[in-house]
Amino acid sequence: MPVYYHSTRDASVTVTASQAILQGLSKDGGLFVPDHIPALDKSLTELSAFDYQEVAYEVMKLLLSDFTEEELKSCIAGAYDSKFDTEEIVPLHDADGAYFLELFHGRTIAFKDMALSILPYLMTTAAAKNHVQNDIVILTATSGDTGKAALAGFADVPGTKIIVFYPKNGVSAIQEKQMVTQKGDNTFVVGIHGNFDDAQTGVKEIFANEALAARLNASGFQFSSANSINIGRLVPQIVYYVYAYTRLLAQGKIACGEEINIVVPTGNFGNILAAYYAKEMGLPVHKLICASNDNKVLYDFFATGTYDKNREFILTTSPSMDILVSSNLERLIYKIAGEDAVQNAELMKQLNQGGVYHITDTMREGLKDFVGGCADVAETTRTIRHIYENDHYVIDPHTAVAASVHEQYVRDTGDDHVTLIASTASPYKFTRSVMEAIDPARAGEEDFALADHLCELSDVPVPAAIEEIRTAPVLHDTVCEKEEMTDVILRFLQID
């Protein structure tokens, strides 16, 4: 049965998967969601004998049902190849009483590579299927990792341009260097004076600007998104949870059908929503543990049923989670509202106008799969040090938030389910914060010296993604106010 996609804010909007990928965001401001979640049609035992690419096809064919087998397999083959530095694409590492799912072995050493390696293939295939003549302008806000992964994926892809906005003082030095050294005639990187929420809000407003869309169309362009609001980002993320479960099964760590817990360090809610969709497809999951840093808006939401962004925005050592408006949560709100687009639209209106909304008791019943937890910077630092000293395993601050929350959860509940922790970035992406935890005497050194020292301590080679930016020249130095984002876009596209 084909899967179609509706807007979370208008049930009458119905598009195919390829159309949803091209649009990125519905014209009414809503996010595209599947009209039903299909069950896996291969058994977990069968899938445990498949490699990553084969599992990817079995999952994605169900949700991207208007792609042919040939099209989808071609996209998968182009995405998951030698650009990943491990043959298994996402290895599992046993440490600290859990299995760390290493999602950072792609080109930009962050989990965003898992979806953004395939999105350009899906996007260009979707454009051809829908007879698109315009160039597609990928418009993206980033809290640090999406930007570089999207830039790397779309650089020099024919028929596309990509514009990335990031908070000028809200990403790590390595994250910024990765972005501003990006090559490609079709790439453009802009720092804004503001935080990630400012950048994300600005991008959403630009998508909703019909006059601007018409102006672009007249010049041969149309917008799409590489943020996790794009369903083409979300579907590939489901794959690695299914794959990880089947690896645990193949290795005899779990029995077939045994439930596991999944812990995800969470900012924009896309990565943990993918785990929820995996459960909806039939993956045996007991609890989805949503780990927040000091910006614990999601922790408070799961505890109280109230989403309130009216609070201090805190810059932490896990900057990709420094978010107060978790866009993908809207997809879950729509689901627990009984897929009532009117009710969901009203809640999103309340969030936009007053910064807060409250869900009903009935809706809270729909959150039973989720548990919230949080860890502050000090707890994150202690966790990095503890796991290094006990397991000689180095994790980045985002993964450490998840590991800290997992430790708290087990201590508080006694829950002994086998646990998968989404390890979302290489420690080399956040060398200063990592070194402050495991060798603070050296933490004052410059970033690349810290990378070399981390290599000595961890026995893990410095990734190519770090080596290639050591001496790379800065190619993007544009900085603007958040109110100037539209003007900056028009200048880059040379539209008068």
Colleague: Given the rule in the side-chain contact (heavy atoms from CB on, under 4.5 Å) test, do Y334 and E339 qualify, once you have shown the distances and angles that lead to the verdict?
Modeller: CA-CA 5 Å; Y334 173 81; E339 301 188 350; 3.6 Å; yes
Colleague: For a ring-ring contact (aromatic ring centres under 6.0 Å, His included) with F370, tell me which candidate from Y409, F301, Y299, F302 qualifies.
Modeller: F302
Colleague: Please check if any side-chain donor atom of S18 sits under 3.5 Å from a side-chain acceptor atom of N130, or the reverse.
Modeller: yes
Colleague: Checking side-chain polar atoms at under 3.5 Å, does T424 have a donor or acceptor matched by the opposite partner on H398?
Modeller: no
Colleague: Which pairs count as ring-ring contact (aromatic ring centres under 6.0 Å, His included) when at least one residue sits in residues 3-27, sequence neighbours excluded?
Modeller: none
Colleague: Can you run down the salt bridge (charged side-chain N to carboxylate O under 4.0 Å, His left out) pairs that involve residues 58-73, sequence neighbours left out, and say none if there aren't any?
Modeller: D41-K61, K42-E58, E58-K61, E69-K73, E71-K129
Colleague: Can you list the residues that meet the ring-ring contact (aromatic ring centres under 6.0 Å, His included) rule with H386, with sequence neighbours excluded?
Modeller: none
Colleague: Please enumerate all residues that pass side-chain hydrogen bond (donor to acceptor under 3.5 Å, both in side chains) together with S43, with sequence neighbours excluded.
Modeller: E46
Colleague: Going by atom types only, do E407 and T383 share a side-chain donor-acceptor pair under 3.5 Å?
Modeller: no
Colleague: Working to the nearest 0.5 angstrom, can you tell me the gap between D51 CG and Y57 OH?
Modeller: 14.0 Å
Colleague: Could you pull out all residues at least two apart from S228 that satisfy side chain to side chain contact (heavy atoms under 4.5 Å, CB included)?
Modeller: R233, N268, N328
Colleague: Can you name the side-chain hydrogen bond (donor to acceptor under 3.5 Å, both in side chains) partners of D81, sequence neighbours left out?
Modeller: K83
Colleague: Does F84 have any ring-ring contact (aromatic ring centres under 6.0 Å, His included) partners at least two apart in sequence or in another chain, and if so, which?
Modeller: Y80
Colleague: Tell me, which pairs form a side-chain hydrogen bond (donor to acceptor under 3.5 Å, both in side chains) where one or both residues lie in residues 107-121, sequence neighbours left out?
Modeller: T108-D113, K112-T146
Colleague: Taking ring-ring contact (aromatic ring centres under 6.0 Å, His included) as the definition, give me every residue that meets it alongside F100, ordered by chain and number, with sequence neighbours left out.
Modeller: Y393
Colleague: Taking side chain to side chain contact (heavy atoms under 4.5 Å, CB included) as the definition, give me every residue that meets it alongside K279, ordered by chain and number, with sequence neighbours left out.
Modeller: V285, D369
Colleague: Do S12 and D10 have side-chain atoms, one donor and one acceptor, less than 3.5 Å apart?
Modeller: yes
Colleague: S423 and T399: side-chain donor and acceptor closer than 3.5 Å?
Modeller: yes
Colleague: Using the side chain to side chain contact (heavy atoms under 4.5 Å, CB included) criterion, which residues pair with Q343? Sequence neighbours excluded.
Modeller: A337, D340, T360, M363
Colleague: With sequence neighbours left out, write down each residue that passes side chain to side chain contact (heavy atoms under 4.5 Å, CB included) with E280, or none if nothing qualifies.
Modeller: I37, Y276, K335
